[in-house]
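Okay, structure first, notes after.
Every heavy atom of this structure was used, including side-chain atoms; hydrogens, water molecules and symmetry mates were not. Note that the structure is a prediction, hence the values are computed from the model and not measured. Lettering of chains follows the sequences in order, A, B, ..., and the numbering in each one begins at 1.
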There are 2 protein chains.
Amino acid sequence: MPRPKSGTALRSRKASGQRVSLKSLAEHLGLSQAAVSLVINRSPGAKSIPLRTQELIRQAARELNYRPNHLARSLRQQRSYTIGVVVPEISEGYAALVMSGIEDHLLQEGYFYFVVSHRHRDELIEEYPLLLQQRAVEGLIAVDTAITGAAQIPLVAVSGHREVPGVTNIVLDHARAATLAMEHLTKLGHRQIAFIKGQEFSSDTAIRWESVRHAAQALGVKINDRQVGQLEGESSSPVLGYQVTKKLIASGEAFTALFAFNDISAIGAIQALREAGRQIPRDVSVVGFDDIQSAAFQNPALTTVRQPLREMGMLAAETLLRRIAAPPEADYPKEIVVQPELICRASTGAAPR
Amino acid sequence: MPRPKSGTALRSRKASGQRVSLKSLAEHLGLSQAAVSLVINRSPGAKSIPLRTQELIRQAARELNYRPNHLARSLRQQRSYTIGVVVPEISEGYAALVMSGIEDHLLQEGYFYFVVSHRHRDELIEEYPLLLQQRAVEGLIAVDTAITGAAQIPLVAVSGHREVPGVTNIVLDHARAATLAMEHLTKLGHRQIAFIKGQEFSSDTAIRWESVRHAAQALGVKINDRQVGQLEGESSSPVLGYQVTKKLIASGEAFTALFAFNDISAIGAIQALREAGRQIPRDVSVVGFDDIQSAAFQNPALTTVRQPLREMGMLAAETLLRRIAAPPEADYPKEIVVQPELICRASTGAAPR
DNA sequence: AAAGCATACTAAACCGATTTATTGGCTGTG
DNA sequence: CACAGCCAATAAATCGGTTTAGTATGCTTT
């Protein structure tokens with residue numbers, strides 16, 4: 001049974017800013033590094049070490065405030081307990097909500113994560129996954145970003161829509177989302193509906209527009225091309241929605257409702273409509289998409305199709321960790337579909353007669 | 001002069017998912033790891049290696065797509081090029097803007113960062129800095145968070161207000177901020193002004209309130225305690241501002257202007273005032289704080305005291321990296337003050353007579 | 001008394017880099 | 001011809017852990 005050396009070493013070490021290493025801890029205990037490591041990690045190999053000694057080791061570790069160097073451990077174990085998150089931009093409502101869901105699950109499981117934002121620059125979208133892999137992340141989550149190269153590590157995409165080998169896509173049921181919004185508007189009597197499509201680079205743009213066209217057709221609503229605008233520019237400000245709505249108004253085509261690509265653009269659209277003298281929802285009803293935090297606190301409060309963004313983030317993290325734990329050749333889900341919800345607030349109303 | 005072995009090894013390695021290590025690269029080249037490392041890193045030690053060989057090494061590295069393992073490098077060099085960012089929560093507003101500024105500067109300098117959010121739970125505020133240090137971060141940025149223990153690594157606090165040894169505080173000039181807002185309101189003729197204070201846990205609450213009281217006194221405005229409310233609860237939703245404003249209204253004390261703790265609560269306040277039949281700004285003027293993205297797109301657009309949050313994030317990152325680069329005993333700034341700006345929009349107007 | 005077995009550990013390899021000290025060959029010089 | 005000095009590298013230590021294989025000791029069993 002080992003006995004710790006005099007308390008002096010302990011105190012001096014505590015006083016000095018020196019970090020305690022396994023080596024110094026083992027020396028202080030008069031044991032080998034191996035023994036200490038086994039006990040600290042509660043490895044199966046520690047079962048031959050008497051409880052008395054184990055207790056001594058743990059106590060010394062506590063007193064010396066020993067904290068294993070995570071880098072060294074990761075290197076040896078080939079496990080970093082770290083993942084990478086790639087987002088277009090951090091300051092935006094969308095990404096922030098998804099990230100907060102991701103974080104929730106990850107930290108709970110002892111994982112940390114790196115965030116990088118590419119701001120839609122292609123070379124960064126290429127480079128960041130490589131840089132992250134160089135930093136030994138065990139998996140990637142891409143938010144609203146089309147990762148190009150097949151990754152050698154598990155990858156979960158939130159709102160990605162490409163079928164890439166090795167990727168799990170977490171996607172909204174866009175057909176249902178479009179139907180919810182369009183049914184809501186048609187039930188209110190709207191027939192002349194304007195639309196704002198997303199930017200070309202947004203991974204949701206194509207599928208969402210496709211879904212809207214289907215839903216419109218199913219409901220017998222004709223889409224007038226001159227009542228369809230598209231967001232342009234990389235900023236995530238309502239200004240984009242404002243500008244495109246100005247154009248829609250200027251085109252002179254009458255519409256009684258507008259279905260925007262997202263809440264941000266819906267907010268800009270409302271501003272533009274109001275400046276043109278249209279009251280919301282008396283003259284024009286507006287439906288947003290996403291249900292970001294501030295949607296509920298617009299004036300009028302925004303009717304919107306809610307994406308469960310936080311849940312999607314949690315789901316992404318959960319799925320990723322499951323894939324990391326599974327053997328590399330194991331099967332994995334190609335797609336996970338989540339359901340939208342229509343949140344009826346005050347920006348929609350009966351169509352004017 | 002070494003000559004690479006046959007191309008077969010190259011192709012097979014490229015085909016296999018095996019990551020290329022320094023060892024395998026050196027073997028392939030018929031050189032030692034040391035030589036390859038020196039060349040790849042352009043170390044001074046590489047100057048004795050002929051350019052011809054250097055070129056061969058670099059070319060092989062490119063072809064085999066060699067990427068040094070960052071963990072191993074960090075371990076050896078005792079530098080991780082990683083910092084930790086501690087925020088209360090990853091939300092749309094405050095923290096996201098600061099983070100985006102931090103990111104801007106960090107990634108540019110080759111640093112990555114971990115984010116953790118503590119949601120105001122004390123044990124997490126205690127634990128996360130330790131966990132981050134275990135992961136060998138070289139410095140910490142704390143956003144709106146009072147880090148308790150003195151850290152062994154450089155620490156920059158955004159809106160921290162404690163004088164802790166080892167900490168650089170990035171703070172707003174609160175005196176000026178309060179003066180800007182109060183002068184604006186008094187010039188518009190307001191005398192009966194209500195206030196919403198921040199939650200107890202927010203590190204800005206105390207100093208901002210102190211500044212407001214000073215500014216009020218200097219301008220000859222009396223503060224009526226029954227016209228002062230305080231945010232309660234941990235959520236970052238406008239609901240908190242809504243609730244406290246309801247109470248203020250219920251108390252029956254008349255006021256013609258309201259200065260909220262932040263934009264989020266101002267938005268809730270406007271909702272509450274409107275429900276009580278007050279028009280903004282005809283009956284009541286409202287001033288927010290922060291200038292978050294959606295402030296400009298409220299209806300009416302919010303007059304607010306702008307904090308340069310993105311710039312504060314960038315400044316924090318810049319300061320931190322400078323401190324990391326400096327020798328440990330070097331002097332460092334205890335406080336860096338940034339200036340607010342009054343953004344006049346449509347939620348304030350002349351006081352009703 | 002030899003073999004078998006559990007107990008209580010330890011030595012040493014290993015993860016993948018960086019970095020210091022050293023080596024062997026060659027050329028030029030006193 | 002011995003010696004210094006340069007060139008072109010290399011061997012080996014190191015970072016701080018984890019993990020495998022092994023060893024010394026004592027006790028029981030045949």
Margin query: Side-chain N or O of A/Thr53 versus OP1/OP2 of C/dC9: is the shortest distance under 4.0 Å?
Written below: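 Indeed, a polar side-chain atom of A/Thr53 lies that close.
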
Check: Taking only side-chain nitrogens and oxygens of A/Ser32, does any of them come within less than 4.0 Å of OP1 or OP2 of C/dT10?
Finding: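 Yes, because at least one side-chain N or O of A/Ser32 sits under 4.0 Å from OP1 or OP2 of C/dT10.
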
Next item on the list: Can you sort out the partners of A/His118 under ring pair (Phe, Tyr, Trp, His ring centres under 6.0 Å), two or more places apart, ordered by chain and number?
Entry: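 Counting only residues at least two positions away or on another chain, A/His118 forms a ring pair (Phe, Tyr, Trp, His ring centres under 6.0 Å) with A/His120.
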
Note to self: Going by the rule ring pair (Phe, Tyr, Trp, His ring centres under 6.0 Å), which residues pair with B/Tyr66 if we only count those two or more places apart in sequence or in a different chain?
What the structure shows: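 Applying ring pair (Phe, Tyr, Trp, His ring centres under 6.0 Å) to B/Tyr66 gives none.
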
Spacing of [X] atom [atom1] relative to [N] atom [atom2], expressed in whole Å:
{"X": "A/Leu25", "N": "C/dT10", "atom1": "CG", "atom2": "P", "result": "13 Å"}
{"X": "B/Gln134", "N": "D/dG16", "atom1": "CD", "atom2": "P", "result": "14 Å"}
{"X": "A/Tyr81", "N": "D/dG17", "atom1": "OH", "atom2": "C1'", "result": "14 Å"}
{"X": "B/Leu51", "N": "D/dA9", "atom1": "CG", "atom2": "P", "result": "12 Å"}
{"X": "A/Lys47", "N": "C/dT7", "atom1": "NZ", "atom2": "C1'", "result": "11 Å"}
{"X": "A/Leu29", "N": "C/dA8", "atom1": "CG", "atom2": "C1'", "result": "15 Å"}

Item checked: Terminal helix-axis angle for the helix from C/dA1-D/dT30 to C/dG30-D/dC1, with five pairs defining each axis and rounding to 10 degrees ->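 End-to-end axis angle for the helix from C/dA1-D/dT30 to C/dG30-D/dC1: 80°, rounded to 10°.
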
Notebook entry, point to check: With A/Gln108, which residues qualify under side chain to side chain contact (heavy atoms under 4.5 Å, CB included), at least two apart?
Noted result: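 A/Gln108: no side chain to side chain contact (heavy atoms under 4.5 Å, CB included) contacts found.
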
Next item on the list: Ignoring hydrogens and angles, tell me if any N or O in the side chain of A/Ser74 forms a donor-acceptor pair with the backbone of A/His70 under 3.5 Å.
Entry: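 Yes; at least one donor-acceptor contact below 3.5 Å.
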
Could you pull out the protein-nucleic contacts involving nucleotides 25-27 of chain C (nitrogen or oxygen on both sides, under 3.5 Å)?
none

What residues form a salt bridge (charged side-chain N to carboxylate O under 4.0 Å, His left out) with [X], not counting sequence neighbours?
{"X": "A/Asp104", "answer": "A/Arg310, B/Arg119"}
{"X": "A/Glu55", "answer": "A/Arg62"}
{"X": "B/Glu335", "answer": "none"}
{"X": "B/Glu126", "answer": "none"}

Please write out each protein N/O paired with an N/O of nucleotides 16-23 of chain C under 3.5 Å, distance rounded to 0.1 Å.
unit_1: C/dG16; atom_1: OP1; unit_2: A/Gln78; atom_2: NE2; d: 3.1
unit_1: C/dG16; atom_1: N2; unit_2: B/Ala72; atom_2: O; d: 3.4
unit_1: C/dA17; atom_1: OP1; unit_2: B/Tyr66; atom_2: OH; d: 3.3
unit_1: C/dA17; atom_1: OP1; unit_2: B/Asn69; atom_2: N; d: 2.5
unit_1: C/dA17; atom_1: OP2; unit_2: B/Leu22; atom_2: N; d: 2.5
unit_1: C/dA17; atom_1: O5'; unit_2: B/Tyr66; atom_2: OH; d: 3.3
unit_1: C/dT18; atom_1: OP1; unit_2: B/Asn41; atom_2: OD1; d: 3.3
unit_1: C/dT18; atom_1: OP1; unit_2: B/Asn41; atom_2: ND2; d: 2.9
unit_1: C/dT18; atom_1: OP1; unit_2: B/Arg73; atom_2: NE; d: 2.9
unit_1: C/dT18; atom_1: OP1; unit_2: B/Arg73; atom_2: NH2; d: 3.0
unit_1: C/dT18; atom_1: OP2; unit_2: B/Ser37; atom_2: OG; d: 2.5
unit_1: C/dT18; atom_1: OP2; unit_2: B/Asn41; atom_2: ND2; d: 3.1
unit_1: C/dT18; atom_1: O2; unit_2: B/Arg76; atom_2: NH1; d: 2.3

Check: Yes or no on side chain to side chain donor-acceptor pair (under 3.5 Å) for A/Glu138 and A/Tyr111, after CA distance, side-chain angles and deciding distance?
Finding: CA-CA 10 Å; A/Glu138 297 180 23; A/Tyr111 273 74; 3.1 Å; yes

Margin query: Taking side-chain hydrogen bond (donor to acceptor under 3.5 Å, both in side chains) as the cut-off, I'd like each qualifying pair that reaches into residues 29-42 of chain A, sequence neighbours left out, listed once.
Written below: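 Only A/Ser37-A/Asn41, A/Asn41-A/Arg73 qualify under side-chain hydrogen bond (donor to acceptor under 3.5 Å, both in side chains).
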
Next item on the list: Could you name each residue pair satisfying side-chain hydrogen bond (donor to acceptor under 3.5 Å, both in side chains) that touches residues 323-334 of chain B, not counting sequence neighbours?
Entry: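 Pairs touching residues 323-334 of chain B that pass the test: B/Thr168-B/Arg323.
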
